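Below you'll find the structure I mean.
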Amino acid sequence: MPIQRLPPQLINQIAAGEVVERPASVVKELLENCFDAGARHIQVEIEQGGARLIKIRDDGCGIDKDELALALSRHATSKIACLHDLENVLSMGFRGEALPSISSVARLTLISKPAQQTCAWQMEADGAEQEFICQPASHPNGTTVLVQDLFYNTPARRKFLKTPSTEFAHIENVLTKMALSRFDIGFSLQHNQKEVLNLKATAVNDTQRIASICGTEFLENSLRIDFSASGLQLVGWVGKATFSRSQADRQYFYVNGRLIKDRLVVHAVKQAYQDVLYQGRHPVFVLYLTLDPALVDVNAHPAKLEVRFREGRLVHDFLFSALHRCLAQHRPQTTVNLEITPTLIDEPPYNQVSRQYYPPPNQQITLSPQVAEPSLSYRLENRHLVTPSELELDKITPPLGYALAQLHTTYILAETQTGLILVDTHAAHERIVYERLKQQQQAGTIAQQPLLLPLKIVVSVVEADLAQQQQDFFADLGFELNRIAPEALLLRSVPALLATADATVLLKAVLVELETYGSSQKIQQQLNQVLASMACHGSVRAGRQLTLEEMNALLREMEQTERIGQCNHGRPTWIELSQTELASFFLRGH
């Protein structure tokens, strides 16, 4: 077949294959146009899952009568004019493909009225880009786009549509994700003349919008993050490790207000959670990354769902550090604003209320990881701890309260100012020991174990170059690694803690991550697994009877330990029952 020009209709239908995957894709493209038009309220009406009708009306700036035909033409846009504009784009749309691509596979009607025009004008299109007829219409300031009979002229593609309920679920999902990016815009959604969603405009990052979409339970189990460094800012909400899901369906990430999916982001988040999340679970989050638009390429995907970062490693490390720090700093909060000095009372009887009620900081639980069953006892030498009953609990209460009893030689029951705390003794002590071992390991030089016979590892030239460039990185983690050929490395020493690990598999995995993401945590993860195992075997076991002094000492240690909410395996270490919850159990106040 000779080379020939394709007709405009076919060109648009080919382009539509990239832009219009299903009805939800149409909604996404049109919502982005509403955002760029400065809309403050957007109405979305759907019939039969979008296959029959998609109607979107906004109160934005509108389109001039003389520009309606251009709006329906390919690669016509008011958002960019040169390469510089494209490299610094902040608008949601910029290619000028959405309307002509949609009109090539559906019956499209465009009605618009700018504030300066006396009346609205409408135009219909079928993708041919020929003989556009402009007619007057009745319409308030803003724009309405009607998309009818989607894929009516491409029946093969229409067969790939799912049931109306499934397609509408995708539309609702897209709209809620878009609504999370613009709190200042109100949204309403109808399906078959029935209102499904009505979101009022709110202040930026308002919890009301978050609660409406993600649920109040998410807010109650999430941490607020606001972190800035190196010209980047990350704000939003991060779910606690104990509030996770079996699939990654509650993860919302926005770059300069644009919803995206990115492998680099996923990897950074996964690394931040790897030390606290239960195996096979996925975190939940709503995060907003802001950076210089020149440092991110939004023109990397036909549907604009993926981006490319100019400084990928910088962004990756920034995200990891921000999330890692946020999760690490989460610990029980003090319930009263008092400065508490932890010391001991020398002599009974307890004839006065005192703020001196638990051992000083230097009398912490001491534990050697080599000891299978360590002692938690304090040598108090004629000193006595003040018990909760001897204090004014309504005035002075540490975050996790005071131990009342040990249940089934496994759990600690403690009273706080606001209710009760139940602590899994082994899980909590395991996290305490694990964090201490990590601090000790990171503070000193990692012990090396020389190999009896040096190990030759065959790699690619690129991987060998990378290993040579990152020689200091490997040395800091306990590996003595040298390049002996263009495609071969020689390993002479490994970290002592990883002497039994498969060094070849580990090093190759590290090189893959270094090449893909610019950094790797594989070695540290392997080290942490060994430390976690040591902590598990060196922690208090269920069935061990503890004294009140030991239980209170453990509670005070928990309050000072990072990531104390979960053990090394991701299980919760403590739960709380508020006075309100306790009252509801017994119908008090009913």
Side-chain angles (χ1 to χ4, degrees), residues 21 24-25 27-29 31-32 34-35 42 44 90 92 168-187 189 196-197 199-227 232-273 277 281-291 296 298 300-301 303-307 309 315-316 318-320 322-324 326-327:
E21 178 188 0
S25 307
V27 173
K28 175 184 177 294
E29 296 290 337
L31 285 177
E32 288 180 342
C34 297
F35 290 178
I42 302 173
V44 181
L90 281 172
M92 295 297 101
F168 179 74
H170 284 284
I171 291 173
E172 186 176 11
N173 186 39
V174 164
L175 189 141
T176 54
K177 287 180 177 179
M178 302 285 282
L180 284 174
S181 71
R182 293 296 300 268
F183 289 70
D184 58 324
I185 299 178
F187 296 84
L189 175 63
V196 177
L197 200 63
L199 301 172
K200 304 297 182 182
T202 64
V204 177
N205 293 344
D206 185 75
T207 55
Q208 182 179 351
R209 175 70 59 90
I210 296 291
S212 299
I213 295 174
C214 302
T216 55
E217 190 179 10
F218 168 74
L219 281 177
E220 293 168 355
N221 291 275
S222 63
L223 309 172
R224 188 76 168 90
I225 185 171
D226 190 342
F227 185 77
L232 290 82
Q233 182 183 31
L234 184 70
V235 300
W237 292 265
V238 180
K240 299 175 185 176
T242 49
F243 187 72
S244 59
R245 295 179 63 85
S246 59
Q247 51 188 344
D249 60 344
R250 291 294 184 271
Q251 300 181 348
Y252 307 104
F253 193 88
Y254 302 84
V255 175
N256 291 341
R258 184 187 303 277
L259 176 68
I260 68 145
K261 294 181 179 179
D262 187 86
R263 288 192 308 159
L264 182 146
V265 171
V266 171
H267 186 266
V269 172
K270 183 179 179 180
Q271 284 195 343
Y273 272 92
L277 200 62
R281 305 291 293 181
H282 299 272
V284 297
F285 53 82
V286 180
L287 293 172
Y288 304 87
L289 175 65
T290 304
L291 73 166
V296 56
V298 299
H301 188 272
K304 305 185 290 292
L305 288 174
E306 297 176 6
V307 297
F309 296 103
V315 173
H316 179 280
F318 169 80
L319 293 176
F320 169 76
L323 296 173
H324 190 262
C326 178
L327 294 170

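If you're wondering where the values come from, they're calculated on a predicted model, not measured in any experiment.
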Exercise. Can Glu217 and Phe243 be said to form a side-chain contact (heavy atoms from CB on, under 4.5 Å), step by step?
Worked result: CA-CA 9 Å; Glu217 190 179 10; Phe243 187 72; 3.6 Å; yes
Problem set entry | Where His316 and His267 come nearest, the two heavy atoms and their spacing |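 The answer is NE2-ND1, 2.8 Å.
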Exercise. What closest approach, in Å, do Cys214 and Tyr252 show between heavy atoms, and which atom pair accounts for it?
Worked result: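 What the structure gives for the nearest pair is SG-CE1, 4.0 Å.
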For this session: Hey, could you give me the CG/CG distance between Leu199 and Leu180, rounded to the nearest 0.5 Å?
Result: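 Output value for this atom pair is 8.5 Å.
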Exercise. Which word best sums up how the rings of Tyr288 and Tyr254 line up, parallel for under 30°, tilted for 30 to 60°, or perpendicular for over 60°?
Worked result: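 Parallel.
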Exercise. Within a strict 4.5 Å, meaning less than it, do heavy atoms of the Asp226 and Gln233 side chains meet?
Worked result: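 Heavy-atom side-chain distance check passes, below 4.5 Å.
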For this session: Measure the spacing between CZ of Arg182 and CZ of Arg209 and express it to the nearest 0.5 Å.
Result: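 Arg182 CZ to Arg209 CZ: 10.0 Å, rounded to 0.5 Å.
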Problem set entry | Beyond-backbone contact of Phe318 with Leu289, side-chain heavy atoms, under 4.5 angstrom |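 A side-chain contact under 4.5 Å exists here.
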Exercise. So, for His324 and Ala272, which heavy atoms are closest and what is the spacing to 0.1 Å?
Worked result: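 Where His324 meets Ala272 most closely, the heavy atoms are N-CB, 3.9 Å.
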Exercise. Which value, rounded to the nearest 0.5 Å, describes the distance between Phe35 atom CZ and Met178 atom CE?
Worked result: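 Here the rounded value is 4.0 Å.
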Exercise. Which is it for Arg224 and Trp237 under the side-chain contact (heavy atoms from CB on, under 4.5 Å) test, yes or no, and what are the steps along the way?
Worked result: CA-CA 5 Å; Arg224 188 76 168 90; Trp237 292 265; 3.4 Å; yes
Exercise. Please walk me through it: do Phe183 and Ile210 pass side-chain contact (heavy atoms from CB on, under 4.5 Å)?
Worked result: CA-CA 9 Å; Phe183 289 70; Ile210 296 291; 3.8 Å; yes
Exercise. Can you name the nearest heavy-atom pair linking Glu220 to Lys240, along with the distance?
Worked result: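 Here Glu220 and Lys240 meet closest at O-NZ, 3.8 Å.
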Problem set entry | Nearest atoms (heavy-atom pairs only) where Ile213 meets Ala179 |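 Between these two residues, the closest heavy atoms are CD1-CB, 3.9 Å.
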For this session: In sequence, state the C-alpha distance, the side-chain angles, and the governing distance for Phe253 and Leu234, and then conclude on side-chain contact (heavy atoms from CB on, under 4.5 Å).
Result: CA-CA 10 Å; Phe253 193 88; Leu234 184 70; 4.2 Å; yes
Exercise. Quick one: are Leu287 and Leu323 in side-chain contact, heavy atoms under 4.5 Å?
Worked result: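 Answer yes - side chains close enough.
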For this session: Working to the nearest 0.5 Å, report the span between CD of Glu172 and NZ of Lys177.
Result: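 Separation between the atoms: 12.0 Å.
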For this session: Using a 4.5 Å cut-off on heavy atoms from C-beta on, say whether the side chain of Ser222 contacts that of Val284.
Result: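 They are not in contact (no side-chain heavy atoms under 4.5 Å apart), so the answer is no.
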Problem set entry | Rounded distance [0.5 Å steps], OG1 in Thr290 versus CG in Asn256 |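 Nearest 0.5 Å value for the OG1-CG distance: 5.5 Å.
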Problem set entry | Closest approach of Leu175 to Leu31 (non-hydrogen atoms, all atoms of both residues) |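 Minimum heavy-atom separation between Leu175 and Leu31: CA-CD1, 4.3 Å.
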For this session: Measure the spacing between CD of Gln251 and CZ of Arg245 and express it to the nearest 0.5 Å.
Result: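 One gets 10.0 Å once the value is rounded to the nearest 0.5 Å.
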